[in-house]
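Take a look at the structure set out below.
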Amino acid sequence: MGQPVPVLEMTGIGKTFPGVVALDDVDFRLLPGEVHALMGENGAGKSTLIKVLTGVYSNDAGEVRLAGEPVRFTGPLQAQRAGVSTVYQEVNLCPNLSVAENIFIGREPRRFGKIQWSRMRKRSAELLRRLDLDIDVSAPLSTYSLAVQQMVAIARAVDVSVKVLVLDEPTSSLDTSEVDQLFRVIRRLSDDGVAILFVSHFLDQVYEIADRMTVLRNGRRIGEYRTAELPQMDLVSKMIGKELETLEQLEERTGRTHDRARDAPVVIQAEGLGRVGAIEPFDLTIHEGEVVGLAGLLGSGRTELARLLFGADRADHGGVQIGGRPVTLRGPRTAMRHRIAFSSENRRAEGLVEDLSVRENIVLALQASRGWLRPISRRRQEELADKYIKALHIRPADPERPVRNLSGGNQQKVLLARWLITEPRLLIVDEPTRGIDVGAKAEIQRLLAELSGGGMAVLFISAELEEVLRVSHTVAVLRDRRLIQQIDNDADLDADRVMQAIASGGQPA
Amino acid sequence: MTQPTVSERSAPPDQTPEKRGMMRTVLRHRLFWPAAVLVLLLVGNVFFTPSFFSIRLQDGHLYGSLIDILRASTPLILVGLGMTLVIATGGIDLSVGSVMAIAGAVACLRISDLPDPNSVGGVLAAVGFALLLALVLGLWNGLLVAVGGIQPIIATLILMVAGRGLAQLITDGQIINVRSDPYRVIGAGYVLTVPVSVIIAGLFVAAAALLVRRSALGLLLESVGGSPAASRLAGIQARTLILTVYVFAALCAGIAGLIFSSNVSSADGNNTGNLIELDAILAVVIGGTALTGGRFSIAGTVLGAVIINTLNITVYTVGIPSNVTLLFKAVVVVVLCLLQSPSFRAWASGVKRLLPTPSRAGGAA
């Protein structure tokens, strides 16, 4: 057909885990210089396919060919030597080492066994400049933003003569301008002939950057498409395997319900609450049944604001009234006594205890608030776990499975279940839909709408503006660690107006 | 404390899938390998001492090698019990040996000062005082770790070193010998044919296991050890929990110290409980509790403590020269740790897969 020779060809890949067929006869090919998106819901087999490619897993069936030669990698290092590099979702670097050390760790330039520090710094600076980044490479990595850290991870990956670069959810913690910067880098690399395998849950980004895409569902390949020839709606229905109407119904049901929370009793009222270096003093009132969305760029103080309301960090300014009475939020326990719940954005480090089972994670907060002397009976624990596994469609539906083995979306649901069984009056959810698939996302949005319909107050944080607008009654806009404006989410509020508010710093246009 | 039986391993190859599933759960059980090694050691002893398993009644006391092993294990079982909970929170307690020495020394000193060393009340008061002191020492450790925020290994290193000095100060650098029948009962007495020390350790382990698993303590400890940050945001008060486990570990060590010194009717500030912290950590690890904290198994630690003491006795019965004793112990421990290591198992099963197998079709289901 006159097509270029694929740099990577995977044919008939199969991989089975105990009880699960993760990949079943999957074909995948990557052309030199293209950006190819791997699409699918959580658990569709994307990560497994990437891990087979990079040698983390060995495939049970099928063949991997790199530049025409059959290969079988036994580990990521071997794959990297052969020209297949990966940058993972969570940045896998050492924050306490310098940028240059991070780029060259494990393969430092040496002479007579001694590390050549100056050469290492020079080469690092060159590499980063290739990615449009001019920073001090001898500073510790932790002094830079997540976006810069991501670039450093990419610089590390592309240094070795790379043929295939795998980017697994590289944008999930970046804001818009940082994403643009990353995309410039991706385009430059693909112009150099590097084949890029791109995985992301953000459809808009996929359509912006990808030339072609392969869709997986339930461990099978659904098809390979040119991005330009596959409308977004068709892509989504191929990914979830349902007709789109169902999805639209979900979206409709989460639609805004205005003017209902205005006169409801106040759940929490913050006056001049603030913390030096985290967020400037702000006023915020949340009513029963009201969903307040926090909008703002990454680093604008969204999470910091939420943590003050939960007492996760101590405020050094102002105060809080809960149900009309002043309360000093000394810590999470005080907040929990006043029935405030907080689901952290960092679900692996600050949310779940990965060694514990789904059941144990679900009862953890309730048990903590009862104290260790009043245990929840095993039977009651099982009832609660079963109820929420069913209600939130947690998969696999096995309460005794360690949470570590669940996909991101299901982990998020477990975390939500933990807080829902404490029957909070105010539920603070920080990025509950980050890194999870379309179906689970719609489910969580619908759940929040239902809960607020039942009278629960919700503080909703998301980097995705559209989502904030879809879920919230009121949108609070943050910029530079300051709450600059609160806008009623009425019919004529749209993403543009919120962006304007962010851009103008809250001055009426 | 479910111990898998050995007979299931030698089952014939043509089993029903149901049986195979059962065997797999037995093989996968996290206490399978420690239990198997223990059984192997015990059976191995029979070849050298045919009467190894025989237990006879003499003067109303149970006698036999198995009883000896159990009796010798009691201090390590108790110290290991406390260590298990400390390690579950992600900590470690190096001071247990010193606490043992201090408890023994204080008790013996008090008893030797009694006008009548055989008065039950006086001995009880001495024992109570020694345990109270152990609690205070545990509180010291706990405060340093939970409130002072000092790394557990450093915080308990302080008492490990200073405690030895304190014990020697108490005993004035001498070995205190006591002649007190009531005190001797703790370590060397028998009740209803069973050694008192075994009863004490058994009751303590059972009570602790019940407390930890029937209340929510176990879950909260595993949560704190598994992820301190997540536990805090879930509203768990790690500070009190951590304080409690160090106090408990010191109490366990104190009782172990009393059993030890009572058994020999003397207190030696220098050698009592010397290096027992290492054996205790080993027992915990053999029992399948990771040093990183989180999931723990009390039954596993008990098994580990018994294995270590069986090894000690095996060395004598088999007649291994004393200069290679430690090497022999090391080999057994290394094998056991490898058998439990996930990455070694993965490697071993990889090797097994490379060997020719008659059919691989059976696995599909």
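Just so it is clear, the structure is predicted and the values come from calculations on it, not from any experiment. Chain letters run A, B, ... following the sequence lines, proteins first and then strands; every chain starts at 1. Below, all heavy atoms of this structure are taken into account, side chains as well, without hydrogens, waters or symmetry copies.
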Exercise for review: Check the surroundings of atom CZ in R220(A): do more than 12 heavy atoms from other residues, nucleotides or ligands lie under 6.0 Å from it?
Suggested key: no
Check your understanding: Between M336(A), R307(A), E354(A), which residue shows the highest count of heavy-atom pairs closer than 4.5 Å to chain B?
Key -> M336(A)
Review point. When you look at L364(A) and L220(B), which way does the side chain to side chain contact (heavy atoms under 4.5 Å, CB included) test go after all the steps?
Key: CA-CA 8 Å; L364(A) 198 58; L220(B) 299 187; 4.2 Å; yes
Check your understanding: How close do A234(B) and A368(A) get, heavy atom to heavy atom, and via which atoms?
Key -> O-CB, 3.4 Å
Practice item. Check the surroundings of atom CG in N218(A): do more than 12 heavy atoms from other residues, nucleotides or ligands lie under 6.0 Å from it? Key: no
Practice item. Answer yes or no: does atom CD of E423(A) have more than 12 heavy-atom neighbours from other residues, nucleotides or ligands under 6.0 Å? Key: no
Check your understanding: Which bit of L233(B) is near chain A, if near means a heavy-atom gap under 4.5 Å: side chain, backbone, both or neither?
Key -> both
Exercise for review: Would you mind reporting whether V353(A) and V224(B) have side-chain heavy atoms less than 4.5 Å apart?
Suggested key: no
Review point. Which bit of A349(A) comes within less than 4.5 Å of chain B, counting heavy atoms only: side chain, backbone, both or neither?
Key: backbone
Review point. Non-hydrogen atoms of chain B under 4.5 Å away: do they reach the side chain of R374(A), the backbone, both or neither?
Key: neither
Review point. Who wins among G218(B), G294(B), G226(B), S223(B) for the most heavy-atom pairs under 4.5 Å with chain A?
Key: S223(B)
Exercise for review: Check whether any side-chain heavy atom of L356(A) sits under 4.5 Å from a side-chain heavy atom of R295(B), and report yes or no.
Suggested key: yes
Review point. Would L211(B) and W372(A) count as a side chain to side chain contact (heavy atoms under 4.5 Å, CB included) if you check the C-alpha gap in whole Å, the side-chain angles of each, and the deciding distance to 0.1 Å?
Key: CA-CA 10 Å; L211(B) 181 74; W372(A) 63 272; 4.1 Å; yes
Review point. Does a side-chain heavy-atom distance below 4.5 Å link L352(A) with S227(B)?
Key: no
Review point. Chain A: which of A229(B), S231(B), G225(B), A230(B) shares the most heavy-atom pairs with it under 4.5 Å?
Key: A230(B)
Practice item. Please state whether the side chain, the backbone, both or neither of R232(B) comes within less than 4.5 Å of a heavy atom of chain A. Key: both
Revision key, fill the gap. Closest non-hydrogen atoms of Q367(A) and L219(B), given as atom of the first, atom of the second and distance, are CG-CD2, 4.3 Å
Revision key, fill the gap. Checked G311(A), G331(A), G351(A) vs chain B; the most non-hydrogen pairs under 4.5 Å come from G351(A)
Review point. Would the number of heavy atoms belonging to other residues, nucleotides or ligands and lying under 6.0 Å from CD of E383(A) be above 12?
Key: yes
Point to revise | Neighbour count >12 (heavy atoms, 6.0 Å) for atom CZ, R214(B) | key: no
